[in-house]
Amino acid sequence: MKFFHTLALCTLLISAFVACNPGATRAPDELFKSEEPAEAPAEESMKAPAEAKPVQQVKKPVKLSLETIYFGYDRFDLTDEARPVLAEHAKKLKENPGVKILIEGHCDERGTIEYNLALGDKRASAVKEYLVNFGVDPGRISTISYGKERPVSAGHSEESWAWNRRAVFVILE
Amino acid sequence: MVKPTTLCAGILVLSVFHPDPSPAQNEVYLKIQSEGFKPVEIVIEDFKTGESSELSTEMRRIVERDLEFSGYFKPVPPEGRGRPAAVLLKSSLEFRGGKGDLKCELSETASRRRILARSLQFPIERFRLAAHRTADNVIRALIGDEGVSCTKIAFVSGGRKSKQIKVMDADGHDARQLTANDSLNLSPSWSPDGLLLAFTSYALGNPDLFFYSFDGNRTFRMSSSRDLHTSPAWSPDGNTVAFTLTVRGNADIHLMDAAGKVRHRLTNSPAIDCAPSWSPDGREMAFTSDRSGSPQVYLMDADGGNVRRLTFQGSYNDSPAWSPRGDLIAYVSREPDGFQIFTMDINGENIRRLTPGGGNYEDPSWSPDGMHIVYASNSGGRWDIYVMDWDGSDSEQLTSTGGNFAPTWSPRLPVPADFVEK
């Protein structure tokens with residue numbers, strides 16, 4: 001639960017910070033949640049039962065959730081908001097060495113299909129490079145671009161576009 | 001509007017026609033009139049037929065539409081006019097054992113001389129193509145140019161979940177789906193002989209390059225690495241495919257041979273280099289690069305040398321399409337009122353905006369004769385495919401289902417083996 005509160009607090013702080021930046025407005029939580037699996041509570045160590053049976057260390061799979069990060073228009077460089085988020089992702093990935101991820105690069109609807117495929121690829125690669133620089137094994141990270149083909153927000157406003165310029169983290173089984 | 005620098009003239013010169021012409025003499029090049037070109041007036045009679053009048057009516061309509069679309073002709077009604085039309089097309093249609101038998105005669109009205117007589121046997125279900133061939137025969141006989149009535153347009157169709165590759169006649173009819181997977185299929189591109197269609201597909205979990213073969217309805221995977229492969233463009237001689245390959249996020253233009261082996265890397269910059277389009281002589285290509293900070297159109301030689309920037313107006317120029325005539329490059333430019341289609345000379349001058357705004361216009365592709373441009377636009381509320389003249393006039397909507405993108409015009413296609421023409 002503590003983790004969740006920390007996450008909520010971070011979100012709030014980031015929202016406040018980002019509210020000053022018109023290019024990266026935060027949307028209501030509904031849009032945000034639609035892409036992320038629910039946050040799972042942190043693993044707690046098993047307590048030994050009262051009867052003196054041997055302790056069974058059951059390894060429960062940790063459900064990781066890595067939040068989406070966003071990009072400026074026609075940019076693939078990481079924003080000041082994205083960097084600390086990615087640093088956290090790197091930390092979580094190093095704490096869970098068995099986990100492999102796929103980074104999807106996405107663009108807003110403006111511009112041609114082909115250019116946006118290349119731009120989405122650049123975004124995904126920029127994120128991978130950042131994580132690798134933070135010590136995550138590159139063999140655990142694959143990337144793919146969907147260009148502007150898979151928007152998460154269907155509108156045609158600046159806000160919709162900002163929501164679609166993103167890198168999404170998919171935890172692979 | 002037809003370019004004055006091409007062939008045609010007005011009615012007066014038609015007296016040049018010879019009676020009972022041999023096939024060679026049938027190709028009459030009319031004198032150029034540099035100004036005030038008038039389309040040749042033609043009466044297309046109703047098809048004489050004892051069979052289904054619906055079919056023959058539709059075939060006549062196709063011929064009429066194709067001739068008007070070519071820009072060379074003005075179909076006029078047979079009666080109620082003071083001045084007779086210059087030429088007359090009479091056709092008769094019979095059915096015999098599953099095959100259609102179409103006989104056409106084109107004659108000059110004033111002299112009643114016969115310019116052309118053709119007989120065409122075809123499978124009845126291919127009646128549309130038979131009508132298109134008739135239009136091309138008329139165009140060839142009177143204008144001397146090969147028409148584009150029998151060509152096709154490949155395009156992308158779908159929504160967020162999946163997009164498939166489709167092919168339709170160049171008049172928007174008879175759309176057929178070529179791919180059938182739950183995935184994204186994008187970026188179709190015709191081989192110069194019209195037998196293959198290259199495209200990008202995510203069907204195997206990665207944006208791979210595939211070839212679809214019309215001969216046998218088969219699809220082949222051509223790329224083998226887990227990278228992004230997109231915007232394939234065949235060289236005019238059909239031996240090489242230029243395409244965008246992204247390695248570790250860096251998009252560069254590469255050349256692939258017909259067997260799928262990557263032979264050559266043409267660009268080598270950390271910028272995004274994509275969207276190649278060959279010159280008709282195969283010696284150069286136009287492409288998009290953001291090496292200056294934003295996407296702009298560049299030229300380079302076919303070996304990657306002599307890179308030079310072509311666009312300097314506007315902050316986002318992309319999607320170059322080199323006209324088969326060699327003299328113009330169409331492209332897309334972001335304007336305050338959306339993405340619009342422009343043309344420029346191959347030295348970057350004489351920039352000319354073709355589209356009227358009120359939406360976005362993208363993916364220009366030229367007809368093989370360089371007289372028309374097919375494109376996608378959401379100016380009608382949804383993304384659909386339209387065609388316009390080379391100068392932006394006379395736009396016509398080809399699809400109306402929405403979710404249609406990335407049209408690409410076929411070359412002139414081989415005549416099917418089951419069409420017999422005399």
Side-chain angles (χ1 to χ4, degrees), chain A residues 34-35 71-78 100 102-133 138-139 141-156 160-161 163-164 167-168 170 172-173, chain B residues 156 158-163 183-187 200 202 205-207 226-233 243-253 270-276 287-290 293-295 315-320 331-332 334 338-339 360 362-364 376 378 383 405-406:
Chain A
S34 66
E35 242 181 1
F71 294 86
Y73 179 49
D74 217 26
R75 307 293 295 264
F76 60 92
D77 50 318
L78 302 170
K100 291 189 172 179
L102 169 69
I103 305 174
E104 299 177 352
H106 297 265
C107 304
D108 71 39
E109 63 175 347
R110 295 171 293 174
T112 61
I113 294 175
E114 325 243 302
Y115 181 80
N116 279 309
L117 282 174
L119 181 59
D121 216 49
K122 245 182 153 146
R123 285 176 175 159
S125 294
V127 170
K128 174 174 177 175
E129 197 184 319
Y130 197 82
L131 294 176
V132 167
N133 286 343
I141 307 173
S142 48
T143 59
I144 194 170
S145 167
Y146 286 108
K148 63 176 189 171
E149 307 304 309
R150 295 249 160 99
V152 69
S153 172
H156 309 291
S160 271
W161 294 334
W163 280 109
N164 290 324
V168 175
V170 180
L172 302 173
E173 294 308 313
Chain B
V156 172
R160 189 189 179 282
K161 286 247 148 67
S162 88
K163 288 188 163 82
S183 192
L184 282 176
N185 298 276
L186 306 166
S187 216
T200 298
Y202 285 67
N206 184 66
R226 226 211 123 70
D227 299 303
L228 173 75
H229 309 81
T230 183
S231 55
F243 69 104
T244 303
L245 174 64
T246 306
V247 179
R248 282 185 298 280
N250 186 19
D252 278 306
I253 295 170
I272 290 177
D273 300 300
C274 62
F287 67 103
T288 300
S289 177
D290 66 2
S294 71
S315 58
Y316 191 135
N317 294 300
D318 191 358
S319 273
Y331 63 101
V332 161
R334 185 180 64 205
F339 281 87
N360 291 293
E362 297 181 21
D363 305 323
N378 67 354
W383 280 99
F405 315 88

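None of these values were measured; they are calculated from a predicted model. So you know, we letter chains A, B, ... as the sequences are listed, proteins then strands, and number each from 1.
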Practice task
Apply side chain to side chain contact (heavy atoms under 4.5 Å, CB included) to the pair B:Ile272 and A:Lys122, showing each step before the final yes or no.
Solution key: CA-CA 9 Å; B:Ile272 290 177; A:Lys122 245 182 153 146; 3.8 Å; yes
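Between chain A and the residues B:Ala376, B:Ser231, B:Ser187, B:Pro207, the most heavy-atom pairs under 4.5 angstrom are made by B:Ser231.
Here the closest non-hydrogen pair linking B:Thr230 and A:Glu114 is OG1-OE2, 4.0 Å. B:Tyr316 and A:Asp74 get closest at one heavy-atom pair: CE1-OD1, 4.4 Å.
Remark: B:Pro270 engages no residue in a side-chain contact (heavy atoms from CB on, under 4.5 Å) (not counting sequence neighbours). For A:Asn164, there are no side chain to side chain donor-acceptor pair (under 3.5 Å) partners, not counting sequence neighbours. Residues forming a side chain to side chain donor-acceptor pair (under 3.5 Å) with B:Asp290 (at least two apart in sequence, or on another chain): A:Tyr115.
No side-chain heavy atom of B:Asn250 sits less than 4.5 Å from a side-chain heavy atom of A:Ser125. Between A:Pro151 and B:Arg160, the closest side-chain pair of non-hydrogen atoms falls below 4.5 Å.
For A:Arg123, no part lies near chain B; criterion is any non-hydrogen pair under 4.5 Å. Of the atoms belonging to B:Thr246, heavy atoms from both backbone and side chain fall under 4.5 Å from chain A. With a 4.5 angstrom heavy-atom cutoff, B:Lys161 touches chain A only via backbone atoms. Looking at B:Leu186, only its side chain comes within 4.5 Å of chain A, counting heavy atoms on both sides. B:Arg248 touches chain A through its backbone: at least one of N, CA, C or O sits under 4.5 Å from a heavy atom, while the side chain does not. Using a 4.5 Å cut-off between heavy atoms, A:Ala118 touches chain B through backbone and side chain atoms alike.
Of all residues in residues 142-150 of chain A, those placing a non-hydrogen atom less than 4.5 angstrom from a non-hydrogen atom of chain B are A:Thr143, A:Ile144, A:Ser145, A:Tyr146, A:Lys148, A:Glu149, A:Arg150.
Here the CD1-SG distance, from A:Ile113 to B:Cys274, works out to 12.0 Å after rounding to the nearest 0.5 Å. Rounded to the nearest 0.5 Å, atoms OH (B:Tyr331) and OG1 (A:Thr112) are 14.5 Å apart. Rounded to the nearest 0.5 angstrom, B:Thr200 OG1 and A:Leu117 CG are separated by 7.0 Å.
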